[in-house]
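One structure below.
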2 protein chains.
Amino acid sequence: MTQSDTAQDQAQDQATGTAAETAQTPPAEKKLSRIQQRNRKRIIEAALEVFAQHGYRGATLDQIAKTAGLSKPNILYYFDGKEAIHVTLLNQLMETWLDPLAEMDPNGDPLEEVMAYIHRKVQMSREYPRESRLFANEILQGAPRMKPHLISGLKPLVDEKTEVLRAWMQAGQLATVDPRHLLYSIWATTQHYADFEVQIGVLSPDERDPIDGADAYLDTMFRKLLTP
Amino acid sequence: MTQSDTAQDQAQDQATGTAAETAQTPPAEKKLSRIQQRNRKRIIEAALEVFAQHGYRGATLDQIAKTAGLSKPNILYYFDGKEAIHVTLLNQLMETWLDPLAEMDPNGDPLEEVMAYIHRKVQMSREYPRESRLFANEILQGAPRMKPHLISGLKPLVDEKTEVLRAWMQAGQLATVDPRHLLYSIWATTQHYADFEVQIGVLSPDERDPIDGADAYLDTMFRKLLTP
DNA sequence: TCGTCACTTTACCAAATGGTAAAAAAGCAG
DNA sequence: CTGCTTTTTTACCATTTGGTAAAGTGACGA
């Protein structure tokens, strides 16, 4: 009984099968009028705000429209629908999100490379908290629109960097721990400050910016963990 | 322009001011018929499933009803409305959620007390992933219905345990780190396995249960961090 | 100045959603 | 078995929501 619901439930979210394709920047026409560029950007910005706070199903076009300062039909003039907006947003996000990890240089100093990665991630939480929450929402809700991206984009990158880490550990340049769980713990601790901002706000006693403290704390934590 | 939206947006979510009160177990009548108990439990269980996956706004009464195997009006016979169900769920959750931290004994062995707390939290992610996601959703969306609980329930407990940790550190029984950020990192790393389960699933190569690995990894990580 | 094409608005819709009223069906104490 | 209460179902409803059609407005080159 509960099981059939789950199936039906997914159907609701995954309605459009190859949705990811639908909203990608069309390969042909690249020339967007200035007004097109401006309004598309407005819509994307508004959608980021709304989707990040309410998740896909909880967000409404009216809300996005109002936030963007455009009428709802006008928004549908620029995007094929709610899902297309969300997918476009997610596509853009993937690049931004994978970048810090991609930058970890196999030829750099191991410990400092990892630490730099961590600081980059902390910085992301500070500068792009909405993007972090958008991502968190999508994953929390089962990643119906993002799983393909995770498999095709994130997985290979993680497999690659996991091997780099393993090599560093084997060479004795880094303490030996499970590289995959190491990455998980980096993501968890850094993104936590964006995703659970409200909670942090309630608990942190007037500290100027909790993320400053986070940066220092995480530095010592991961340095202790990884120093051989 | 964007600002007025935010205000209006909150109004949507916080419609019922003192909602927390509304759904609390009425102090007077405690005698619930067997059928009442059974159906209330069913509804709460179904609501947990649905709210955890879609967040408050994304969840629908129809979905909850179907999952519970009851009709929608029948559900409204047992609860005053969607919000009342959510609030009831959140109230129940708070206890469960604070418990592991509350159990941390100021008179126990410092390092082992913290490590035990961590393992308890890992266990929670394994056994109650939906509760973890329900919580994550609520916080992500700005904790409109839970902020009061955070302030009245979580905050005092954290302040108390923070002092315990600080004392242990001052006594040299625990390495000195910011106790608040220590708690944040424990929450982040442990809950991550429930909240980001889908992502973990994509990235973890057929490992039987990633949480087993997590338990071991987090043990070494926090032990290295906290051993004086 | 006019026609054309890009953009925007107005007026709608069908479906979904939270919720209600009241009748019907179960339970159950006597 | 009966009368009363509790529980459930059957119709509804008003609003919201994603989306469309078509009329209107504006920019701009010929």
Side-chain angles (χ1 to χ4, degrees), chain A residues 5 8-9 11-16 19 22-23 26 29-43 46-47 50-51 53-89 145, chain B residues 5 8-9 11-16 19 22-23 26 29-43 46-47 50-51 53-89 145:
Chain A
D5 289 347
Q8 175 254 324
D9 204 34
Q12 257 181 298
D13 267 355
Q14 300 183 329
T16 316
T22 308
E29 34 175 329
K30 292 173 185 176
K31 42 196 172 184
L32 294 177
S33 74
R34 217 161 301 115
I35 201 164
Q36 281 256 1
Q37 269 189 300
R38 176 174 56 83
N39 281 350
R40 273 183 194 263
K41 196 173 287 183
R42 272 194 190 188
I43 294 169
V50 176
F51 281 131
Q53 191 165 62
H54 300 290
Y56 181 73
R57 296 214 1 213
T60 73
L61 281 182
D62 290 283
Q63 241 178 133
I64 296 173
K66 192 173 286 184
T67 305
L70 298 171
S71 69
K72 183 168 61 175
N74 203 2
I75 277 187
L76 292 168
Y77 171 77
Y78 289 99
F79 287 91
D80 282 339
K82 187 183 177 183
E83 181 158 5
I85 301 177
H86 194 239
V87 170
T88 302
L89 214 44
R145 264 164 289 280
Chain B
D5 290 347
Q8 175 253 326
D9 204 34
Q12 257 179 300
D13 267 356
Q14 299 182 331
T16 317
T22 308
E29 33 176 329
K30 291 174 185 176
K31 41 194 173 185
L32 295 176
S33 73
R34 217 161 303 114
I35 201 164
Q36 282 255 1
Q37 269 190 298
R38 178 173 55 83
N39 281 351
R40 272 182 194 265
K41 196 173 288 182
R42 271 195 190 186
I43 294 169
V50 176
F51 281 129
Q53 193 165 62
H54 300 291
Y56 181 74
R57 300 229 338 229
T60 72
L61 280 182
D62 290 283
Q63 241 178 134
I64 296 173
K66 193 174 285 185
T67 306
L70 298 171
S71 70
K72 182 168 61 176
N74 202 3
I75 278 187
L76 292 168
Y77 170 76
Y78 288 101
F79 288 90
D80 283 339
K82 187 184 177 182
E83 181 158 6
I85 301 177
H86 194 239
V87 171
T88 303
L89 214 44
R145 266 164 288 279

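Values below: every heavy atom of this structure, side chains too, minus hydrogens, waters and symmetry copies. In what follows, chains are A, B, ... by sequence order, proteins preceding strands, each numbered from 1.
- Look at CD1 on Ile75(B): it is 15 Å from P on dT7(D), rounded to the nearest Å.
- Atom OH of Tyr78(A) is separated from atom C1' of dG18(D) by 19 Å (rounded to the nearest Å).
- Residue Ser71(A) places at least one side-chain N or O under 4.0 Å from the OP1 or OP2 atom of dT9(C).
- Residues passing the side chain to side chain contact (heavy atoms under 4.5 Å, CB included) test with Ala47(A) are Phe51(A), Ile64(A), Ile85(A), Leu89(A), sequence neighbours excluded.
- Scored by the side chain to side chain contact (heavy atoms under 4.5 Å, CB included) test, Asp62(B) finds Thr60(B), Lys72(B) as partners (sequence neighbours excluded).
- One can place CG of Leu70(A) at 16 Å from P of dG18(D), the figure rounded to the nearest angstrom.
- Distance, Phe79(A) CZ to dG18(D) P: 16 Å, rounded to whole Å.
- Between Tyr77(A) and the phosphate of dC7(C), there is a side-chain N or O to OP1/OP2 separation shorter than 4.0 Å.
- If you measure from atom CG of Asn74(A) to atom P of dG18(D), you get 16 Å, rounded to the nearest angstrom.
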What does nucleotides 18-30 of chain C look like as a protein-contact string, B for base, S for sugar-phosphate only, - for none, at under 4.0 angstrom between heavy atoms?
BBB----------
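- Taking CD1 of Ile43(A) as the start and CG of Asn74(A) as the end, the distance is 7.0 Å to the nearest 0.5 Å.
- Remark: Tyr78(B) engages Asn39(B) in a side chain to side chain donor-acceptor pair (under 3.5 Å) (not counting sequence neighbours).
- In this structure, Arg38(A) CZ and Gln36(A) CD are separated by 10.5 Å, a value rounded to the nearest 0.5 Å.
- If you measure from atom CD1 of Ile85(B) to atom P of dT17(C), you get 15 Å, rounded to the nearest angstrom.
- OP1 or OP2 of dA6(C) has not a single side-chain nitrogen or oxygen of Gln36(A) nearer than 4.0 Å.
- At whole-Å resolution of the value, CG in Asn39(A) and P in dC7(C) are 9 Å apart.
- Taking NZ of Lys82(B) as the reference point, atom OH of Tyr56(B) lies at 5.0 Å (rounded to 0.5 Å).
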